[in-house]
Amino acid sequence: MPFFSRLHSVFGPSRRQRHPLARALSLVIGIAVLGVLLVFGLVVASVLLLGGAMVLALRQWNRARKPASAAAPTRQPEVLEGEFVVLHQSRHHAAR
């Protein structure tokens, strides 16, 4: 039990209330603080969710309102753009 004796020396004696009314009052206050923090967290989460939903809705609405001519030009899906190097079969086997 040396661990607990060190904890007791670090934190000092506990300050638990001995009076039953004081203990009940501190319990009620603690529960009230936890409730306030829970409600605050739920409000923040709901504001973030609603804000994100509004941003997504505005993006979709703006994308739907754009005329077809302003959209990116359509490309053939089978064409890959880029620079390519042709490897000859004889050099490819020699490099291994």
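Only a predicted model underlies this, so the values are computations on that prediction, with no experimental measurement involved.
Hydrophobic clustering, defined by side-chain heavy atoms of Ile, Leu, Val, Met, Phe, Trp and Tyr closer than 4.5 Å, leaves Leu56 isolated from every other such residue. When hydrophobic residues (I, L, V, M, F, W, Y) are linked wherever their side-chain heavy atoms come within less than 4.5 Å, Val36 remains an isolated member.
Listed by chain and residue number, Trp61, Asn62 satisfy the side chain to side chain contact (heavy atoms under 4.5 Å, CB included) test with Arg65 (two or more places apart in sequence, or in another chain).
Looking only at side-chain heavy atoms (C-beta outward), Arg59 and Val55 come within less than 4.5 Å of each other. At a threshold of 4.5 Å between non-hydrogen side-chain atoms, the residues Leu37 and Val33 count as touching.
To the nearest 0.5 Å, atom CE of residue Met54 and atom CG of residue Leu58 are 6.5 Å apart. Between the CG atom in Leu49 and the CG atom in Leu42 there is a gap of 10.5 Å [rounded to 0.5 Å].
The hydrophobic cluster containing Leu48 also contains Phe40, counting ILVMFWY residues as joined when their side-chain heavy atoms lie under 4.5 angstrom apart, directly or transitively.
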